[in-house]
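Numbers for residues simply follow the sequence, beginning at 1.
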Amino acid sequence: MDIVADTADLRGVRSDISSARGLPNRFYTDPDVFEEEKRKIFESGWSCIGFGSDVPDPGCVMPINFLGTPLLAVRGSDERLRVFQNVCRHRGMILVSEKAKLSKLIRCPYHSWSYDLTGALQATPHVGGPDNHSHPAVCKKDLGLFEVRAHEFLGAIFVNLDGAAKPFEEHARTLLQRWHAFNLPLHSGGSLGSVTMDIACNWKLAVENYCESYHLPFIHPGLNSYSKLEDHYHIEQPGEFSGQGSRVYSPVLSRDGQRLPDFAGLGGEWDKKAEYISFFPNVLFGVHRDHTFAMLLQPVDCGRTIERLEIFYAEDVKDDERAQELLANNRDLWRQVFSEDVGVVEGMQRGRHCNRFDGGKFSPVMDGPTHIFHNWVAERFV
């Protein structure tokens, strides 16, 4: 089914916010729409698939199944991150099934064809017969792994699966400029900086919820007690990202008043400011004076999403006993905040099965960031 042939109601989504409706129910419940999204949204642009901290050191490899495509993230001996299709060029065998650290070669478990960490084919045992490891018809230089365009930004790994998108630096230029102060080394909090949740909702509902602060007083009473609705502002960049900012950020403290180190050279504007944006399509970023985070939304099907949160710091303090309480407190704070959203996004998912729901009405004052995202999705289907 080609959804393009049935998108007359998307004109209403792309209207001015004062008269616009949200995306139709089928964009959250129809497997055919989900299949179309793979091509129109996730394969054609820059999508998040993981974190640089998944492959922190040279030789680290991690298999990733992204929307049915088997991928392999590799940290080379040159410390560069590369992403390949996780398939041997010989008979299409999956190369790596588990996260690992290799010495030099990626070895196929089927016939032992082996590739170096740059994807180049290095060994073809017995390909020309017993003890004959070469053959004129098998040209190693033409049989390297299929590489996928990849880029690391704020700890997240982005890929462009179809190879046709503009370079990431151009794609993300506005955000790179906005957050240029955070173009610094980031250090993962390790087990004290990671949270994974399996959510019964369409991935878009998680994006929409994160975009706006309108729900803050009702869903996040603890957070709202010190970072109130009126302390927030909208961030709106049509066609790229949207979200919210806070003017009253205060770093997490330990019981004895210690806090984690700030990023160097941020400038006074970040003393109290924090920003949270949905970078379309599927990563949620947060930046603060003392930490950043990225939330990867990995769609499983039209009604299920895996959320992976990774928190990053200015210094590597995860093995510092004095910092353990601070790291744990910060992880638990964000786990609590994101957990409070679960009932909302799952409730909206169930609500999308109501056949009379027409996409909903936007508040022209409070829902601008969400409308920007709906419009961004609609543009890819018209």
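- Rounded to the nearest 0.5 Å, atoms CD1 (Ile277) and CD (Glu240) are 9.5 Å apart.
- For Asp142, the CG atom counts as densely surrounded, since its 6.0 Å shell holds more than 12 non-hydrogen atoms of other residues, nucleotides or ligands.
- Enclosure of atom OH in Tyr110 is not indicated, since only 12 or fewer non-hydrogen atoms of other residues, nucleotides or ligands lie within 6.0 angstrom.
- Each of Gln237, Glu275, Arg173 was checked for a side chain to side chain contact (heavy atoms under 4.5 Å, CB included) with Arg178, and the lone residue meeting it is Glu275.
- Of the inter-residue distances, the one linking Phe66 atom CZ with Gln298 atom CD reads 6.5 Å to the nearest 0.5 angstrom.
- Residues Glu36 and Arg26 are not paired through a salt bridge, judged by the lack of any N-O separation under 4.0 Å between the basic side chain and the carboxylate.
- Side chain of Arg289 to main chain of Asp271: a donor-acceptor pair is present (N/O by atom type, distance under 3.5 Å, no hydrogens or angles).
- Checking side-chain atoms of Glu346 against main-chain N and O of Ala200 turns up a donor-acceptor pair under 3.5 Å.
- Under the 3.5 Å distance criterion, with hydrogens and angles disregarded, a donor-acceptor pair is assigned to the side chains of His374 and Glu208.
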(request) Verify ring-ring contact (aromatic ring centres under 6.0 Å, His included) between Phe42 and Trp203, making sure each step is shown before the conclusion. (result) CA-CA 12 Å; Phe42 292 104; Trp203 66 275; 4.9 Å; yes
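- Side-chain contact between Leu297 and Glu307 is present, with heavy atoms from C-beta onward closer than 4.5 Å.
- For the residue pair Asn330/Asp332, the side-chain donor-acceptor check at 3.5 Å is not satisfied.
- For OH of Tyr214, the number of neighbouring non-hydrogen atoms (other residues, nucleotides, ligands) closer than 6.0 Å is 12 at most.
- Remark: the His151 side chain and the Asn160 side chain contain no N/O donor-acceptor pair separated by less than 3.5 Å.
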(request) Go through the steps to decide whether Phe285 and Phe153 satisfy the test ring-ring contact (aromatic ring centres under 6.0 Å, His included), and finish with yes or no. (result) CA-CA 10 Å; Phe285 281 126; Phe153 172 59; 5.5 Å; yes
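- In Lys104, the NZ atom is not crowded: 12 or fewer heavy atoms of neighbouring residues, nucleotides or ligands sit closer than 6.0 Å.
- Formation of a donor-acceptor pair under 3.5 Å by the Glu79 side chain with backbone atoms of Arg75 is not found in this model.
- Between the Trp334 side chain and the Gly193 main chain, no donor and acceptor come within less than 3.5 Å of each other.
- Under the 4.0 Å criterion applied to side-chain N and carboxylate O atoms, Arg80 and Asp78 are not assigned as salt-bridge partners.
- In this structure the side chain of Ser53 reaches within 4.5 angstrom of the side chain of Glu310, judged on heavy atoms.
- Within 6.0 Å of atom CD in Glu170, more than 12 heavy atoms from other residues, nucleotides or ligands are found, so the atom counts as buried in its surroundings.
- In this structure, Lys204 fails the cation-pi test against Phe373, since its NZ or CZ atom is not both closer than 6.0 Å to the six-membered ring centre and inside 45 degrees of the ring normal.
- A salt bridge links Arg304 with Asp198; the closest basic N to acidic carboxylate O contact falls under 4.0 Å.
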